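All remarks here apply to the structure that follows.
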2 protein chains.
Amino acid sequence: MNELTKRQRQILVYIQECQRTSGVAPSMREIAEHFGFSSMTTVMDHVRLLRQKGVLENQPGRARTLRVVSPLEKFRSKVADIPLYGAIPAGLPEDQQQEAKGCVSIDIETLGFKPTARTFALEVRGDSMIGKFIVNGDVVILEHGMTPRNGDVVAALIDNESTLKTFLLNRGKPFLRAENPRYPDLIPAQELVIQGVMVGLVRKRK
Amino acid sequence: MNELTKRQRQILVYIQECQRTSGVAPSMREIAEHFGFSSMTTVMDHVRLLRQKGVLENQPGRARTLRVVSPLEKFRSKVADIPLYGAIPAGLPEDQQQEAKGCVSIDIETLGFKPTARTFALEVRGDSMIGKFIVNGDVVILEHGMTPRNGDVVAALIDNESTLKTFLLNRGKPFLRAENPRYPDLIPAQELVIQGVMVGLVRKRK
DNA sequence: GGGGTTACCGTTCAGGTGAACGGTATGAAC
DNA sequence: GTTCATACCGTTCACCTGAACGGTAACCCC
C-alpha cells in the first residue's frame, strides 16, 4: 500500500522536474494541464495520496509549496557553490567569480567547512603533491586568507601560476615544500604569495 | 549603481533564506509582512530594482517564482544526494537508504558521473589504500553492480566488513590487492562479493 | 534649487490558486 | 458480488497573489 502507483510516480517525477528546471513547484492547475486532466480534484486526489505516503509535502493554503521528500532528507545539509578557477593570476580572488570556469557544488557537512566568499577550487595539474596523496586531475578546495598550520597544503603563486606546496614551520620560519622527490624545493614562504589553504578535495573516476 | 543597497541586500537574503528553510520562495505579501511594510508597492519596487540589477529573477504573473540569481548560476549543474553508509553488511544496498547514516550531496559535473539508485558512499578506515592515494577519513563514492576495469578500486566484503581493494586482471583472472606493502594480499575475486566500484572521492581537512 | 534615486504608503482589480462539494468508471481483493 | 482503492470529471468559492494606479519623504549630486 505504501508503494507508489505508476501514475503517482509520474506526478512525483513531474513535480521534481519542475523544481529542477524552473526552480519553482508547479501549481495544481499546471499539473492538471501537463497530464491533460480537466479536473482539479484529480490532482488533489493524487497529491493527497502522495502526501499520505510521505513522499510529498506542502504547506496548506499557500501557492506552489509542493515539495518532494527524499528518504535522505533528514541527512541532507546545505549545499554550497564554490567557484572553480582555471588559473589564478596575481590578482587573487578579490574581483570575485568573474573569470570562474566552473562551479563545485557540495554540501557543507561532507566538506566539513562552511565556505565563505573567499573559498575557491582549483584543478590539480601534475603530480607534485603525490606525497600528500593528491594526484593529477583532483579538484582541491581552498580558502583564501586563512592562516596555514604546519603541514597544511597551500596554493602559492610561482611564475605567475598557482602551485600546490606543503606549508612547514622550520624553527619558527615558514617554508614551502613540494611533495615529490623530483622537486625537493624548500622556499622561504615570505618570497611567495599564498593564495589559499586547502580545506577539501574531490576526485572523479579517471 | 549596480551595487546593492542595504535594504536590497536584506530582502535578497530573506528570499534566499526562505528558499533554503522552507524550499519555497516567499510571496510579495510575505516579504512585506516580514519587513513590516504596509504596502505591496514597496516590495514591488525593491523586486523591480533587484531584477534590474540582475540578481533576482521571476516569472511574471505566477505565484512564488522569485529566484535569486547567483554569479555561478551558469556553471551550476544538478546536485545528487548519495547515501553514506556506516558499514555494509551482507545484504548489499538493495534495501535502500534505510540504514544510511549520512548524505553526500555533490553536483554531477564535479563527480563526472550521474549517480543511480545503486550509488553509495563509504568512509575509509585505515590506510590500506595509500598506494592509490586514498587515506584514512576519505569518503569514497561507489557504484554497485558496475563491472570493474583493471586497476579500479572496489569495495569487497571481507569478514562481514567492507574493505577497499584494487581490482586486477592477471592473465584474464580477476584478483583483489590491498594497496599497502604491509598487506600484500592477492585474493581471487570469485571468493568475494564485490559491493561497488569507486567512482569518486571526497576529502575534508583534518 | 532641481533632478534623480531610493524607500516607503494606500488602494484597487483581475486572475491565479487551494480546497471542497458530489459524481462515475475500472480493476483487484475477498 | 460486494468492497475497496485508484483514477478520473465538473463546478463553485474564498482568498491569495501579482500588477498597477497615484502619492510622500529623504538623500545625494551637480
Side-chain angles (χ1 to χ4, degrees), chain A residues 1-69 71, chain B residues 1-69 71:
Chain A
M1 191 197 286
N2 218 334
E3 287 291 306
L4 296 188
T5 66
K6 190 177 171 186
R7 205 43 152 177
Q8 288 168 4
R9 197 157 28 245
Q10 285 176 355
I11 291 175
L12 203 65
V13 165
Y14 172 67
I15 294 171
Q16 222 161 12
E17 207 60 34
C18 282
Q19 279 181 322
R20 277 205 281 254
T21 54
S22 71
V24 185
S27 69
M28 300 298 178
R29 277 170 184 78
E30 283 169 0
I31 297 175
E33 191 179 358
H34 179 264
F35 287 97
F37 301 155
S38 58
S39 171
M40 286 305 306
T41 316
T42 303
V43 181
M44 295 297 281
D45 283 348
H46 283 123
V47 167
R48 186 178 41 80
L49 288 172
L50 286 168
R51 258 181 35 191
Q52 279 174 9
K53 293 182 178 179
V55 294
L56 197 61
E57 271 184 10
N58 82 341
Q59 301 166 36
R62 304 170 76 201
R64 295 177 186 276
T65 58
L66 287 177
R67 212 162 58 88
V68 176
V69 177
Chain B
M1 189 197 288
N2 217 335
E3 288 291 308
L4 296 188
T5 66
K6 189 178 173 186
R7 206 41 154 174
Q8 287 168 5
R9 196 158 28 247
Q10 284 176 354
I11 291 175
L12 203 64
V13 164
Y14 172 66
I15 295 171
Q16 222 160 15
E17 207 60 35
C18 281
Q19 279 181 323
R20 276 206 282 254
T21 54
S22 70
V24 185
S27 70
M28 301 297 179
R29 277 171 183 79
E30 283 169 0
I31 297 175
E33 191 179 0
H34 179 263
F35 287 97
F37 301 155
S38 57
S39 171
M40 287 304 308
T41 316
T42 303
V43 181
M44 295 296 280
D45 284 347
H46 283 122
V47 167
R48 184 178 43 79
L49 288 171
L50 286 169
R51 256 179 39 187
Q52 279 173 9
K53 294 183 178 180
V55 294
L56 197 60
E57 271 184 10
N58 81 341
Q59 302 165 36
R62 304 171 77 203
R64 297 177 186 276
T65 58
L66 287 177
R67 212 163 56 88
V68 176
V69 177

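Note that the coordinates shown come from a computational prediction; the quantities given were computed from them, not determined experimentally.
Of the side-chain N and O atoms in B/T42, one or more sit less than 4.0 angstrom from OP1 or OP2 of C/dC9. Taking side-chain N and O atoms only, B/T5 has a distance below 4.0 Å to OP1 or OP2 of C/dA7. Distances shorter than 4.0 Å separate none of the side-chain N or O atoms of B/H46 from OP1 or OP2 on C/dT6.
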- Message: Each nucleotide in nucleotides 12-28 of chain C should get exactly one letter: B, S or -. Can you fill that in based on protein heavy atoms under 4.0 Å?
- Response: ----SBBBBBB------
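Classification of the B/F37-B/H46 ring pair by plane angle, with boundaries at 30° and 60°, yields parallel. The aromatic rings of A/Y14 and A/H34 sit parallel, their planes meeting at an angle under 30°, below the 60° perpendicular limit.
Expressed to the nearest 0.5 Å, how far CG of B/L12 lies from CZ of B/R7 amounts to 13.5 Å. Atom CD of B/Q59 sits about 10.0 Å away from atom CG of B/L66, to the nearest 0.5 Å.
Here D/dC27 presents its C1' atom at 16 Å from NZ of B/K6, a figure rounded to the nearest Å. B/F35 has its CZ atom 15 Å from the C1' atom of C/dT6, to the nearest Å. Atom CD of B/Q10 and atom C1' of C/dA7 are 12 Å apart (whole Å).
Checked against A/R67 for a side chain to side chain donor-acceptor pair (under 3.5 Å), the options A/E57, A/Q19, A/Q16 give a single hit: A/E57.
Not one N or O on the side chain of A/R51 forms a donor-acceptor pair closer than 3.5 Å with the backbone of A/L56.
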